[in-house]
Amino acid sequence: MKLQCKFLPQEDGRCGWYETLPPPPPATPLRGEVKADWVVLGAGLAGLAAARRLAELQPEASIALVEARRIGFGSAGRNSGFMIDLPHDLSSHDYTGERERDLRQIRLNRGAIDYMRETVRRHGIDCDWREEGKLHGAARKQGVRSLQAFAAGLSSLGESFRELDADEMEAATGTRFYLAGLHAPGCVLVQPAALVRGLGQTLPENVRVFEESPVQHIEVGSPHVLITAQGRLTAPRLVLANNAYAAQFGQLGLKGRLLPIYTYASLTRPLDADEAVRLGGEDSWALIPADPMGTTVRRLADGRLCIRNSFTYNPRISTSSGQLARVRAAHRRAFARRFPILPNVTFDYTWGGALCLSRNGGRPFGEIAPGVYSALCQNALGLTGGTIAGKLVAEHALGVESELLDIMRAQPEPAANPPEPLLGLGVRSALAWKELQAGIER
Ligand SMILES: Cc1cc2nc3c(=O)[nH]c(=O)nc-3n(C[C@H](O)[C@H](O)[C@H](O)COP(=O)(O)OP(=O)(O)OC[C@H]3O[C@@H](n4cnc5c(N)ncnc54)[C@H](O)[C@@H]3O)c2cc1C
C-alpha cells in the first residue's frame, strides 16, 4: 500500500509563539538510507510523546522521529497553550456532554498533564509552565446560560470551580466586557512553541530526530519505507502522529472521517507601561469563551495579548493570505470589543494551524494496519489529547496495560461522513451557522 503525502505542512502565517523564541540550532534533515526499529511520523505533541515513551520503554530500540518543518513550527507550537483537564466538546454549547464520557475524558487529560509536568520538571524545560487554571467568560445572556450549564455539568462531575460576577471578571482581566465568568483551576498554561521545542531537545538518546524532512510518500509493508526528497527511512513499525495531515490517507480509511479544521490566532505587541496600568487586571490570565465558537484570550506576563477565533474547513491543510487577512480583521474586531481602552495596540503576528476533528469525537487509536499505529485526531484538545494518545499508543504497542489505556481503546472510531462536495458544504455551513450564533462571544 502506498500513502501519498500530497498536502504537506505550509507556512500558514507568522506564529508569534515561535518567532519570539531565539532561532533553533540547525536542523538535521533525513539524508540517505536510515534504518530504525520504529519510525514516528510528525513531531507534534503526539509524535513527541510517542517517541519519548517508546524510548523509555525500549531503551535498546532505535526510534526515528521525522518532521516536515522545525519542531514547534506546526500546530503543536501554534495553539493557545491551554493544557485542558476538563471536557472540551466544541460541538456542544457548554463544552460538556454525557457524564461517563466526560469522566473518562478528564482522566485521560489529567494523565497527560501529569506526564508532561514530570517531563518538564525533570528536564527543566523553560516554557512558562503555569498552574493557574482558566477563566470562562460570558459576554451576553445566552453566554451566561451556557456558563450556568457548564457549572452544573462540572458540579455533577464533582469538579471544583469558582463563579465570578462582572466586577470580579474586571478585576481579573481589566475589561468590563464580561457579564459573568467561572474559574476552573486544573488547566495548565504554557508557551506552546517553547514547550514542544524543549520536548524535542530532551528526548532520550535512542531517538534520532530528523527535521525539515517532509515525507512525500510511505510504502506501507514489511518493513515500511518513508521517502523524503533526500532520504529513505525503513522501519518495521510506524506510528502515525501527523494528525490533520492523515486525513489524506484514503487507503487507511481515514479520508472523510478525519476533518482538517483550521483555527487562527494573533499576538499583539507588548503593552507599554501606561497601557498596562490603563487596562489593569492580573498580569497573566487565560480565558475560554462561554460559546465554543467564541474568542479565546490570553494575557501573557510579557504584556502581550493573544486572541484566537474563527474556524474554517481546509481539506488541502493550508490557509491563504486572503483567509489570514479576513481572520486578522475578525481578531481586530474581537480585540476592539474587549479592549476599547487600548485602541493603538497593534498585532505583531497572525497565524493559522490545523486541528483534526471527527464528527462524533471518536479517534482511530492503536494498530490500524499491520505494524501501523495511530495516535491521530485530538479533536481540538491537542496539548492533553495529543500527549496522552502518543504516550498510550507506545504502551499499547509494547503491551504495557493500564486503566487509561483501556479508556483510550474504548473510544469510538471516527464516524464516516458523506463524500465531497457534500462534506465540504455541510462542514462549512455548520461552522458559519455556529459562528453566527456565537454573536459577540466571538
Ligand atoms: C490557533 C490554535 C489554537 C489552539 N489552541 C489549543 C489550546 O489552547 N489547547 C489545546 O489543547 N489545543 C489547541 N489547539 C489544537 C492543538 O494545537 C492541536 O490539536 C495539536 O497540535 C495536535 O497535536 P498533534 O501532535 O496530534 O498534531 P500536530 O501538532 O499537528 O503535529 C503533527 C506534525 O506532523 C507533521 N507532519 C505532517 N505531515 C508530515 C509529513 N508528510 N512529513 C513529516 N512531518 C509531517 C507536521 O509538520 C506537524 O508538526 C489549537 C490549535 C490552533 C491552530
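What you are looking at is a predicted structure, and each value in this text was computed from that prediction instead of being measured. Both ligands and their constituent atoms are indexed starting at 1 by order of listing. Sequence positions, counted from 1, serve as the residue numbers for this chain.
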In residues 251-260, what donor-acceptor pairs under 3.5 Å come from side-chain atoms, sequence neighbours left out?
| from | atom 1 | to | atom 2 | distance (Å) |
| --- | --- | --- | --- | --- |
| Q251 | NE2 | K2 | O | 2.5 |
| R257 | NE | G253 | O | 3.4 |
| R257 | NH1 | P414 | O | 2.9 |

Return yes if some donor-acceptor pair links the side-chain N/O of H224 with the main-chain N/O of G221 below 3.5 Å, else return no.
yes
Nearest protein heavy atom with distance in Å, relative to atom 36 (N) of ligand 1:
P9 CG, 3.8 Å
Under a 4.0 Å heavy-atom limit, does L48 contact ligand 1 with its side chain, its backbone, both, or neither?
neither
For H183 together with F161, are the ring centres under 6.0 Å from each other?
no
Give the contacting part of Q216 toward ligand 1: side chain, backbone, both or neither, where contact means a heavy-atom distance below 4.0 Å.
neither
Any N/O of A354 closer than 3.5 Å to an N/O of ligand 1?
no
Got a sec, which residues hit ring pair (Phe, Tyr, Trp, His ring centres under 6.0 Å) with F347, two or more places apart in sequence or on another chain?
F335
Please state whether A244 comes within less than 4.0 angstrom of ligand 1, counting heavy atoms only.
no
Check ligand 1 against S80 and write out every atom of the ligand that is under 4.0 Å from a heavy-atom position of the residue.
3 (C), 4 (C), 5 (N), 6 (C), 7 (C), 8 (O)
Per-atom filter on ligand 1: closer than 4.0 angstrom to a heavy atom of C5 are 41 (N)
Give yes or no for whether the N/O distance cutoff of 3.5 Å, strictly under, is met between Y264 and ligand 1.
no
Quick note on ligand 1: atoms under 4.0 Å from a heavy atom of G353 include exactly 53 (C)
Heavy atom of the protein closest to atom 22 (C) of ligand 1 (residue, atom name, distance)
N243 ND2, 3.5 Å
Identify, by atom number and element, the atoms of ligand 1 in contact range of P214, meaning under 4.0 Å from any of its heavy atoms.
42 (N)
Give the atoms of ligand 1, by number and element, whose distance to some non-hydrogen atom of L381 is under 4.0 Å.
11 (O)
I'd like to check L41 versus E67 (side-chain heavy atoms, cut-off strictly below 4.5 Å). Are they in contact?
no
Are any of the N or O atoms of A76 closer than 3.5 Å to those of ligand 1?
yes
If you take the nearest heavy atom of each of R69, E212, Q10, E67, which one is closest to atom 47 (O) of ligand 1?
E67
Consider salt bridge (charged side-chain N to carboxylate O under 4.0 Å, His left out). Of R14, R269, R304, which one does D348 pass it with?
R304
Considering R78, K6, M83, R298 one by one, which has a heavy atom nearer to atom 1 (C) of ligand 1 than any of the others?
R78
Going by heavy atoms, is G386 under 4.0 Å from ligand 1?
no
When the ring planes of W38 and Y373 are compared, do they come out parallel, tilted or perpendicular, using 30° and 60° as the limits?
tilted
Any chance you could lay out the salt bridge (charged side-chain N to carboxylate O under 4.0 Å, His left out) test for E131 and R117, step after step, and finish with the verdict?
CA-CA 10 Å; E131 306 226 356; R117 182 189 293 111; 2.7 Å; yes
Between F73 and R78, is there a cation-pi geometry (under 6.0 Å to ring centre, at most 45° from the normal)?
yes
Is a side-chain N or O of N206 found less than 3.5 angstrom from the main chain of Q58, in a donor-acceptor match?
yes
Is there a donor-acceptor pair under 3.5 Å between the side chain of D114 and the backbone N or O of G111?
no
Give yes if a backbone or side-chain nitrogen or oxygen of N79 is under 3.5 Å from a nitrogen or oxygen of ligand 1, and no if not.
yes
I need the nearest protein heavy-atom contact for atom 45 (C) of ligand 1: residue, atom name and distance, please.
A68 CB, 3.8 Å
List the steps, then state whether side chain to side chain contact (heavy atoms under 4.5 Å, CB included) holds for I288 with L135.
CA-CA 6 Å; I288 301 266; L135 293 168; over 6 Å; no
Nearest-contact summary for atom 19 (O) of ligand 1 - protein heavy atom, Å
G382 CA, 3.1 Å
Proximity flag I84 to ligand 1, non-hydrogen atoms under 4.0 Å
no
Will you find, in the side chains of S62 and D37, an N or O donor that is under 3.5 Å from an N or O acceptor?
yes
Numbered in order shown, the ligand 1 atoms found under 4.0 Å of a heavy atom of L8 are 41 (N)
Ligand-side contact atoms (ligand 1) for residue partner A380, heavy atom cut-off under 4.0 Å:
10 (C), 11 (O), 12 (N), 13 (C), 15 (C)
Side chain of R338, backbone of A334: donor and acceptor closer than 3.5 Å?
yes
Purely on distance, is any nitrogen or oxygen of A46 under 3.5 Å from one on ligand 1?
yes
Closest non-hydrogen protein atom to atom 34 (O) of ligand 1, residue and atom name please, with distance?
G42 CA, 3.2 Å
Please report which non-hydrogen protein atom sits nearest to atom 32 (C) of ligand 1, along with the residue it belongs to and the distance in Å to one decimal place.
A241 O, 3.4 Å
Min side-chain heavy-atom separation L342-L305 under 4.5 Å
yes
Starting from atom 8 (O) of ligand 1, which protein heavy atom do you reach first, and at what distance in Å?
F82 N, 3.1 Å
Axial cation check for Y115 ring with K391, 6.0 Å and 45° limits:
yes
Top protein contact for atom 41 (N) of ligand 1, by heavy-atom distance
V215 O, 3.0 Å
So, is Q378 polar-close to ligand 1, with some N/O to N/O distance under 3.5 Å?
yes
Pull out every atom of ligand 1 sitting under 4.0 Å from any heavy atom of L355, numbered as shown with elements.
14 (N), 15 (C), 50 (C), 51 (C)
Taking L238 as the fixed residue, which of V225, V39, V40 is the one that meets the side chain to side chain contact (heavy atoms under 4.5 Å, CB included) rule?
V39
N/O of G47 under 3.5 Å from N/O of ligand 1, yes or no?
no
